[in-house]
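Letters A, B, ... mirror the listed sequences (proteins, then strands); counts begin at 1. These figures come from a predicted structure and were not determined experimentally.
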Amino acid sequence: MAKAVKTAITPTRQADYPEWYQQVISASEMAERSPVRGCMVIKPWGYALWENIQFQMDERFKETGVRNAYFPLFIPLHFLEKEAEHVEGFAKECAVVTHHRLEQSGDGLVPGGELTEPLVVRPTSETIIGDSFAKWVSSYRDLPLLINQWANVVRWEMRTRLFLRTSEFLWQEGHTAHATAEEATERTKMMLDVYADIAENYLAIPVIKGRKSALERFPGAVDTLCIEAMMQDRKALQAGTSHFLGQNFAKASNIKFQTDQEGEAFAWTTSWGTSTRLVGGLIMTHGDDDGVIMPPRIAPAQVVLLPIYRKPDERSAVMAYTAKLAADLRRIRYAGRRVTVEVDDRDIGGTRNWDWIKKGIPLRVEIGPRDIAADAVFVGRRDKTPRDKTSLARSAFLEGFTALLDEIQATLFQRASDLRDAHSRQIDDRSEFDRFFTPRNPDKPEIHGGFAHAHWCGEDACEERIKSDLSVTLRCLPLEGPKETGACICCGRSSERRAIFAKAY
RNA sequence: CGGGGCGUGGCGCAGUCUGGUAGCGCACCUGCUUUGGGAGCAGGGAGUCGCAGGUUCAAAUCCUGCCGCCCCGACCA
């Protein structure tokens, strides 16, 4: 029996996945709980990751003609009432502002100055943006209208988890208006493709593009497309959604225009969003028992330099060599930006090395007198084990730098894809389906299940039955799945295609 | 809203049953020694023990009330 390897994170993923997740966030200093229920403080290392996600997405959005704008945090209550399904979907989780002043009363402050109409803190902005769109659109020449906003939203959830579901979270919400249904549908798909591109090529998270069932659809939408990813505990995570809203919101907000045929018509709108939940997805897709693993193309920093010296006279030479290397690295461009280099010269021994492993930086480079003598650097890769380090000639390291990062990026994507494939199955038999989703130990469920590709007749009842029987939900109907006739996993009636079922976050 | 658990230095906890006025580990600060690795020794700073009442000579500890948080469930575009 091999000696148990000491891991930087306790417990391990295998021992207790949810607790591991919390510990990783804490150890990597990405975020922490705040004094406010369900809200988090995003720390610099976590925020830098979010900024990179923002940067990459924002570029893609703009390439498709979208422009950024900003709308109010507060939404008049009656705005939300305009779209029936929408109200029903969000009413339960709205934070509401009812007063505009605090007054001294006894020992403390109490709200005073009741508002004539309460304001809802936006849970999403369809209604308030719709109001502006109604003013901005009067002719077919004003269309399409392509707007995005980077903002925070509040949804008063019962149970929260850092990054995955917080009462307040950061996101982007795109809102577009079009003259035709075809064009709006096309935009819905286009933005889903942007999300899939960012998820796979930057976050190295393999995703399945699909369509939500009627039950899982966005309140008020005609059609909801999504990307679904599998985490290492084999649960599904919805990583982004893109909605075709038909004319529902245009009618609610009165977004009308004069057509080129001199007629009058309601616009066709879309909305699409991704949030800081992507950060949680990244952690759960790539993290290991030593902490986070940041994919190089989105990492807050690509490399950390760790100068090593004993005597004061060695220090100046090592620091000079380090500074020069840092400068050379910062001239390299990677994933559309300059390489970000961290230099950590804290004199705290090996702890320093482990700090960066836990943070998941792709490359750690040790620079000591011996390396300098050989004009070499000692390189550790985060996708390999902590002690697996290689000496590289300085010039070779610099020349091969981006290729090395690409290799790590590819490895991470491949690992995640392999895991997903290993736990995805076509299932046609209900008892096999049940076994797939039933843990051996019900008291302390082990990691089990995955993505079951099974036939579904299309009825709400079957979907609800499976949900109540097994806590398994219909994640999506894959867009790229082949047509294939079969029998519904629940009722046995005929089905034309497979859906993906999984336990989900 | 139901079931369970927990509030003690920055973090994690012991002490509570059997009242006697606060302790451990990590982190932090100082010094010395170490040094290609999550260092060792010595010294040090830091806590109205969730809040409010009550019992008592004496309350982190017993009693009452309140507040907050976590886990499970319900819920989750």
Side-chain angles (χ1 to χ4, degrees), chain A residues 6-10 16 18-19 22-23 26-27 29 32-39 80 83 85-94 107 122-127 153-162 164-167 169 171 173 212-221 223-226 237-238 240-243 245 249 271-275 277 290-291 306-312 314-315 318 344 346-358 364-373 376-380 386-387 389 391 442-445 467-468 471 473 504-505:
Chain A
K6 187 181 175 187
T7 59
I9 303 297
T10 314
D16 186 346
E19 182 59 23
Q22 309 265 58
Q23 293 300 328
S26 162
E29 300 188 289
E32 61 192 25
R33 313 192 53 78
S34 81
V36 186
R37 195 203 85 109
C39 294
L80 228 55
E83 215 290 335
E85 281 184 39
H86 195 63
V87 198
E88 202 187 317
F90 284 106
K92 299 187 295 288
E93 51 190 67
C94 285
D107 293 338
R122 64 180 162 222
T124 179
S125 305
E126 275 74 10
T127 57
V153 287
V154 169
R155 296 180 188 181
W156 215 258
E157 304 284 1
M158 295 287 195
R159 239 180 98 196
T160 57
R161 302 190 67 185
L162 292 183
L164 298 176
R165 179 170 292 110
T166 44
S167 299
F169 57 93
W171 79 340
E173 50 179 322
K212 286 292 185 189
S213 64
L215 285 177
E216 297 275 338
R217 205 178 277 152
F218 177 74
D223 193 16
T224 289
L225 303 182
C226 62
L237 183 77
Q238 178 178 300
T241 48
S242 185
H243 316 288
L245 303 174
F249 284 85
S271 69
W272 23 279
T274 55
S275 71
R277 172 179 256 206
D290 288 324
L306 305 169
I308 294 167
Y309 47 83
R310 294 184 208 177
K311 304 172 204 114
E314 284 174 346
R315 185 176 198 278
V318 170
D344 186 350
R346 290 177 297 164
D347 186 15
I348 53 173
T351 305
R352 187 176 60 164
N353 194 40
W354 283 99
D355 280 353
W356 291 103
I357 289 171
K358 287 184 275 195
R364 305 182 309 279
V365 177
E366 299 173 10
I367 300 158
R370 282 209 302 262
D371 306 296
I372 295 176
V377 291
F378 205 51
V379 182
R387 313 244 175 240
K389 296 181 248 188
S391 183
D443 296 329
K444 188 174 174 291
K467 187 173 175 182
S468 65
S471 303
T473 52
Y505 276 99

Peer 1: Please measure how far the C1' atom in B:rC71 lies from the corresponding atom in B:rU56, and state the result in whole Å.
Peer 2: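 Rounded to whole Å, the distance is 37 Å.
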Peer 1: Produce a footprint string for nucleotides 4-10 of chain B: one letter per nucleotide, 5' end first; B if the base is under 4.0 Å from any protein heavy atom, S if only the sugar-phosphate is, - if neither.
Peer 2: -------
Peer 1: When you match A:S471 and A:P123 each to their closest nucleotide on RNA chain B, which lands nearer the 5' end?
Peer 2: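 Looking at RNA chain B, the more 5' nearest nucleotide goes with A:S471.
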Peer 1: Hey, are the side chains of A:V365 and A:V379 touching, using non-hydrogen atoms and a 4.5 Å cut-off?
Peer 2: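 With C-beta onward as the side chain, the pair touches.
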Peer 1: Take a 6.0 Å sphere around CD of A:Q22 and say whether it holds more than 12 heavy atoms from other residues, nucleotides or ligands.
Peer 2: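 Enclosed: over 12 neighbouring heavy atoms sit under 6.0 Å from CD of A:Q22.
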Peer 1: Give a yes or no answer on whether the side chain of A:E173 reaches the backbone of A:S125 with a donor-acceptor pair at less than 3.5 Å.
Peer 2: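 Present.
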Peer 1: According to the Watson-Crick and G-U wobble definition with distances under 3.5 Å, which dot-bracket string, read 5' to 3', encodes RNA chain B, using [ ] for crossing pairs and | for pairs with another strand?
Peer 2: ((((((((.[[[[.)....(..]]]].((((((.....)))))).....[[[[[..)....]]]]])))))))....
Peer 1: Atom CD of A:E19 and atom P of B:rC72: how far apart are they, to the nearest Å?
Peer 2: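 My rounded result for the distance is 11 Å.
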Peer 1: Using atom C1' of each nucleotide, how far apart are B:rG43 and B:rA14 to the nearest Å?
Peer 2: 25 Å
Peer 1: Any donor-acceptor pair under 3.5 Å linking the side chain of A:R364 with the backbone of A:W356?
Peer 2: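 No; judged by distance alone, with no hydrogens or angles, the pair does not exist.
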Peer 1: Can you tell me, in whole Å, how much space there is between the P of B:rG25 and that of B:rA42?
Peer 2: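 Comparing P positions in B:rG25 and B:rA42 gives a spacing of 11 Å.
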Peer 1: Counting only side-chain nitrogens and oxygens, does A:R159 get under 4.0 Å of the OP1 or OP2 atom of B:rG73?
Peer 2: yes
Peer 1: Please find the pair of heavy atoms, one from A:A221 and one from A:H243, that lie closest to each other, and give the distance.
Peer 2: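 Shortest heavy-atom contact: CB-CB, 4.1 Å.
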Peer 1: Under 4.0 angstrom, heavy atoms only, what part of the nucleic acid is A:F169 near: base, sugar-phosphate, or nothing?
Peer 2: base
Peer 1: If you assign each of A:Q22 and A:F90 to its closest nucleotide in RNA chain B, which residue comes earlier from the 5' end?
Peer 2: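 Result: A:Q22.
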Peer 1: Check the orientation of A:F249 and A:H86. Use parallel for under 30°, tilted for 30 to 60°, and perpendicular for over 60°.
Peer 2: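 Ring orientation, 0 to 90° scale: perpendicular.
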Peer 1: Checking the side chain of A:T160 only, and the main-chain atoms of A:S167 only, is there a donor and an acceptor separated by less than 3.5 Å?
Peer 2: no
Peer 1: Say we look at B:rG19 and B:rG2: how far apart would their C1' atoms be, to the nearest angstrom?
Peer 2: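 The same atom, C1', in both gives a distance of 36 Å.
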Peer 1: What are the atom names and distances for every N/O pair under 3.5 Å that joins the protein to nucleotides 33-39 of chain B?
Peer 2:
| residue | atom | partner | partner atom | Å |
| --- | --- | --- | --- | --- |
| B:rG36 | O6 | A:P369 | N | 3.4 |
| B:rG36 | O6 | A:R370 | N | 2.7 |
| B:rG36 | N1 | A:D371 | OD2 | 2.5 |
| B:rG36 | N2 | A:D371 | OD2 | 2.6 |
| B:rG37 | O6 | A:E366 | OE1 | 2.1 |
| B:rG37 | O6 | A:E366 | OE2 | 3.1 |
| B:rG38 | O3' | A:T351 | OG1 | 3.1 |
| B:rG38 | N9 | A:W354 | NE1 | 3.3 |
| B:rG38 | N7 | A:W354 | NE1 | 2.8 |
| B:rG38 | N2 | A:K358 | NZ | 3.4 |

